[in-house]
Amino acid sequence: MEQSFVFFNGEIVDEKDVSISIRSKVVNYGLGCFEGIRAYWDDEKGQLYGFRLKEHYERLLESAKALNMDIPYTVQELCDVTVELLRKNNFKTTTYIRPVVYKGSESLMPTLFDDDNRLMIYCQPMGKYAGKSELRVAVSSWRRITDTMLPPRTKSTGAYLNSALASLEVLQNGYDEAIFLTHDGRVCEGPGENVFLVKKGKLVTPPLSDDILEGITRDTVMTLAREELGMEVVERSVSRTELYNAQEVFFSGTAMEVTAVVEVDNRKVGDGHEGPVCKKLKDMFFNITTGGNEKYREYLTPVYDK
Ligand SMILES: Cc1ncc(COP(=O)(O)O)c(C=O)c1O
């Protein structure tokens, strides 16, 4: 592995000098929460742009608060240290940033009660997450965790076992990605992405009360649909069979970006290819990630001095 710098215990250090105890609660019980952020590289301008850093760190602090894992950093400090870390690594490619807040305590008791809250941030280059632009998906037999059990909005480390089980099931069955239903059977989200449908010219997506993560890409997509395409965006509960008859279905997420779903449970969505609304939103999304539209400049944090 090339030399990699990470943020660990309050400083930027060489990754090979970092270790976490095998006894720590994050290793044993998954007691942590995290974020997934992208920084987009623009070859023409020679610039790397952190995408919506502020919103990601706000969400991280909210997750941490819900889990009694308050950390002594402000959103601004977290944004600043991320820029410093990207610079130190000298990334000249689109990069994924992974901050993790975790319980470092080595006590055996699986409780969030103690104050041993720590933060680490690492980064790695990341291109296309799914490896393809049109996905075949299946509804998983595993239901999404619910707010009364393990709050999905906290983006907590342990909760990704639920995501991993759904992914395992559908990948073993030859699909590209899963869609979860909520515990009472409404369409929820993917294991790491939100879901959208185009129905009768409107953009439809499950509401926050249906146990989804409040996706930052979801928010971006809804804004672009309203502002740039003049579409009506409706947040409402969605039934499984609505997926089969939608004109379009697509995912949104930091890793997944905006990616078309062309088949659900072996039924073709629309004509079985990426639809026009998904294509337009995807193109606009990529354009704003590298500063192509002044109106959305505030989403971006340039990493390198120019
Ligand atoms: C379960 C889940 N839903 C949705 C998303 C999409 O959220 P965002 O667009 O903020 O990356 C993610 C990714 O973080 C996720 O893990």
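A quick note: this is a predicted structure, and the numbers were derived from the prediction, not measured. In what follows, residues are counted from 1 in the order of the sequence shown. Remember, it's 1-based here, ligands and their atoms both numbered in the order they're listed.
Met284 contributes atom CE, which lies 10.5 Å from atom CD of Glu227 (distance to the nearest 0.5 angstrom). The line from CG of Asp283 to CD1 of Ile288 is 12.0 Å long, rounded to the nearest 0.5 Å.
For atom 16 (O) of ligand 1, the closest non-hydrogen atom of the protein is Tyr160 OH, 2.5 Å. Closest to atom 9 (O) of ligand 1 among all protein heavy atoms lies Thr217 OG1, 2.6 Å. Considering only non-hydrogen protein atoms, atom 6 (C) of ligand 1 sits nearest to Asn194 OD1, 3.6 Å. Looking only at heavy atoms of the protein, atom 3 (N) of ligand 1 is closest to Glu189 OE1, 2.7 Å. In terms of protein heavy-atom proximity, atom 11 (O) of ligand 1 is closest to Thr254 OG1, 2.6 Å. For atom 7 (O) of ligand 1, the nearest non-hydrogen atom of the protein is Gly215 CA, 3.4 Å.
Between Tyr160 and Phe34, the ring centre distance stays below 6.0 Å. Annotation: Tyr296 is not in aromatic contact with Phe285 [ring centroid separation under 6.0 Å not met]. A distance of 6.0 Å or more separates the ring centres of Tyr40 and Tyr49.
For ligand 1 and Ile216, the ligand atoms under 4.0 Å from any heavy atom of the residue are 8 (P), 9 (O), 10 (O).
Arg218 has a carboxylate O that lies under 4.0 Å from a charged side-chain N of Glu235, or vice versa, which qualifies the two as a salt bridge.
Judged by the 6.0 Å distance and 45° axis criteria, Arg38 is not positioned over the aromatic ring of Phe51.
Residue Pro152 does not touch ligand 1, judged by heavy-atom distances below 4.0 Å. Residue contacts with ligand 1 for Glu35 are absent, since no atom lies close enough (heavy atoms, distance under 4.0 Å).
Side-chain contact, Asn90 with Lys92: a donor N or O sits under 3.5 Å from an acceptor N or O.
When the options Arg52, Arg144, Lys155 are ranked by their closest heavy atom to atom 1 (C) of ligand 1, first place goes to Arg144. With atom 13 (C) of ligand 1 as the reference point, the heavy atom nearest to it among Gly192, Gly253, Pro191 is part of Gly192.
Of the N or O atoms in Arg59, one or more lie within a sub-3.5 Å distance of an N or O in ligand 1.
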